[in-house]
Amino acid sequence: MDQQALKKKYSYWEWRTLILLMIGYALFYFVRKNFSIVMPALESELGITKLQLGIFLTVNGIIYGVSRFVNGFMADNVSRKKMMAAGLFLSAVVNVLIGLSPQMNGLFHFLDAEGKATMGLVYFIGSLWLINGYMQGMGYPPCGSLMAHWIKPSELAFKQSIWNSSHSIGAGLVALLCGTVILNGYGSSAWQWCFFIPAILAILGAGLLLFGLKDTPESVGLPDPELLDENKSLQLDNVEVESKEVTQYAYKKFVKKMVWRNPIIWVLAVTNFCVYVIRFTILDWGATFLTQYKGMEIGTASSVVAASEIVGGIIGTLLAGWATDKLFHSRAHRTCLIGLLGATLCFLLFWKLPSSYNTLAMISVVLASFFIYMPQALLGIAASNQGTKRVAASANGVLGIFGYASTTVSGIVFGIIADSFGWNSVFLIAIIFGVVGSLIIATIWSAPADGYEKADKLMEEVHAELAAKRN
């Protein structure tokens, strides 16, 4: 096959993979961030407290981070499409069970005489949301690994930022969906449909992922993307398949040197913790603090959260990816610093605006999301490029556990603080994390764009060591 036909085939599979991953990951958000929009209804209809809701968010986030860490290492060694499809399907099942929980009252005494939640229902929903945290952690690692396998390093920032808009699309659409269902639904049972409808869509999406994705370019006879990046003359029938011995030995060596002993990965991971404190403050508590602190209606508040995700998140993500590849020569960590500084300033503006300036407050929330999605999207891309495709998911697993460990702050701690001291203290702490994260990532401003040059030398060591063992 000639070069033009090869590039055409590669482009088809690359974009097919990217689009399917976008659809699939957006649906992960349908069966995850629906909970944040339903929280005010759970509080008013069932009497579940902010502290209990904060515990749900914290435990879910911690388990999600652990899952991303564990599945990050697994995704570099197993079928990525099967992992992602299984996670989405099982997460949908959990959502169905939560939606059905009031109907289980006869068996488990989940509701008291006034129709409020007993501790039995609180434990039941909390346990299921813990399980959902693990299932959700089966979504990102396959995506990160698949994109590192299918996209050229010089184009990864922009194209992965296109995929990253699935975060905003999923969170924004589910906010609109749940807000509409609650406002126009079936009275006290409306919140249940905020679990049923997303679950149905997620089950359909799981089938699409399982039958539509391919794990590697080699599985359809295509070369590695970094070889295309080097403009080498390639033919489909000359695609080399690495031996299992080389692959397994290289993976162990790459994890050790490109992840555990790579200081850049650790700087990115700690920064990710700070970024996610701000991001989850807006995404998880946004509908709540906009209604309680700014006095907005729930419909308006959910629309602001949706706009911050769809408008702010998508535009911010795409602009960040473009700027990284075109202006900063694929140095994603530089764009991350700019984004984190911008988000911190916008959130500060939101906090200090008088209550009569609600329009400006809404704009500042959208702008905060616009900026926070720059590092949210690009920190993972930076980790993929620094770890290279061989351990992209493993490197992102480290970032994942740091990012979602942040829910210990944005979840239970902020729930306690909001109940005990009010929202002003929550906003102050979130801003402090923004400043600290900016200072940390500024330390790697001069770092290289990726680790492929280092990886080439490491592969030479791998082949030399294996040859020595054979002899």
Side-chain angles (χ1 to χ4, degrees), residues 17 20-33 58-95 128-150 160 163-164 166-167 170 202 205-206 208-210 213-216 247-248 251-252 254-256 258-260 262 265-266 268-269 272-273 276 376-377 379-384 386-407:
T17 302
L20 287 175
L21 291 177
M22 287 181 68
I23 294 171
Y25 204 71
L27 289 172
F28 266 92
Y29 268 59
F30 269 57
V31 285
R32 175 171 157 209
K33 290 305 175 184
T58 295
V59 174
N60 175 274
I62 292 172
I63 296 300
Y64 176 81
V66 171
S67 178
R68 274 188 55 170
F69 179 77
V70 172
N71 288 301
F73 287 89
M74 290 181 62
D76 283 323
N77 295 284
V78 301
S79 173
R80 301 158 189 86
K81 68 173 185 177
K82 291 180 181 178
M83 174 185 287
M84 190 175 181
L88 185 55
F89 176 79
L90 293 172
S91 190
V93 172
V94 168
N95 272 255
L128 285 174
W129 209 240
L130 181 151
I131 295 170
N132 193 53
Y134 190 86
M135 301 310 167
Q136 287 285 322
M138 297 168 71
Y140 185 91
C143 289
S145 184
L146 281 166
M147 284 183 284
H149 276 81
W150 280 99
Q160 188 164 337
W163 166 83
N164 202 78
S166 61
H167 293 69
L208 187 65
L209 293 174
L210 185 61
L213 289 174
K214 296 292 182 182
D215 281 319
T216 63
T247 300
Q248 291 178 342
Y251 173 75
K252 293 177 182 178
F254 269 65
V255 165
K256 183 178 180 180
M258 303 295 284
V259 178
W260 298 124
N262 190 343
I265 295 297
W266 293 105
L268 296 174
N272 207 38
F273 182 97
Y276 269 73
Q376 187 278 328
L379 286 168
I381 294 168
S384 293
Q386 294 297 331
T388 73
K389 69 170 188 175
R390 287 185 181 275
V391 289
S394 301
N396 273 286
V398 176
L399 265 67
I401 200 167
F402 270 79
Y404 286 86
S406 70
T407 57

Let me see the working for W129 and I63 under side chain to side chain contact (heavy atoms under 4.5 Å, CB included), right down to the final yes or no.
CA-CA 10 Å; W129 209 240; I63 296 300; over 6 Å; no

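A distance-only check finds no donor-acceptor pair linking the side chain of N272 to the backbone of L268 [under 3.5 Å]. When atom types are taken as modelled, the side chain of S166 and the backbone of W163 share a donor-acceptor pair closer than 3.5 angstrom. Between the N132 side chain and the V31 main chain, a donor and an acceptor come within less than 3.5 Å of each other. Side chain of S384 to backbone of G380: a donor-acceptor contact under 3.5 angstrom is found.
When all heavy atoms are compared, the tightest approach of G133 to S67 is O-CB, 4.1 Å. Closest of all the heavy-atom pairs between F69 and F73 is O-CD1, 3.0 Å.
F89 CZ: 12 or fewer foreign heavy atoms inside a 6.0 Å radius.
F28 places none of its side-chain heavy atoms less than 4.5 Å from the side chain of R32. For the pair P141 and N396, the minimum side-chain heavy-atom distance is 4.5 Å or more. At least one side-chain heavy atom of M84 sits under 4.5 Å from a side-chain heavy atom of L21. Taking the side chain as every heavy atom from C-beta outward, Q386 and I265 approach each other to under 4.5 Å. Put simply, the side chain of F402 reaches to within 4.5 Å of the side chain of W266, judged on heavy atoms. N95 is not listed as a side-chain neighbour of F30, based on a closest heavy-atom distance of 4.5 Å or more.
Paired with K81 under the rule side-chain contact (heavy atoms from CB on, under 4.5 Å), one option of T17, L20, L209, D215 passes, and it is D215.
Relative ring orientation between Y29 and Y25 is described as tilted, the plane-to-plane angle lying within the 30° to 60° band.
Here the straight-line distance linking atom SG of C143 with atom CG of L213 works out to 8.5 Å at 0.5 Å rounding. Once rounded to the nearest 0.5 Å, the distance linking CE of M138 with CG of L88 reads 10.0 Å. For the atom pair CD1 (I401) and CZ (F273), the distance works out to 11.5 Å, reported to the nearest 0.5 Å. Rounded to the nearest 0.5 angstrom, L379 CG and Y276 OH are separated by 8.5 Å. Atoms CD and CD1, on Q136 and I131 in that order, are 13.0 Å from each other to the nearest 0.5 Å. To the nearest 0.5 Å, atoms CH2 (W260) and OG (S394) are separated by 8.5 Å.
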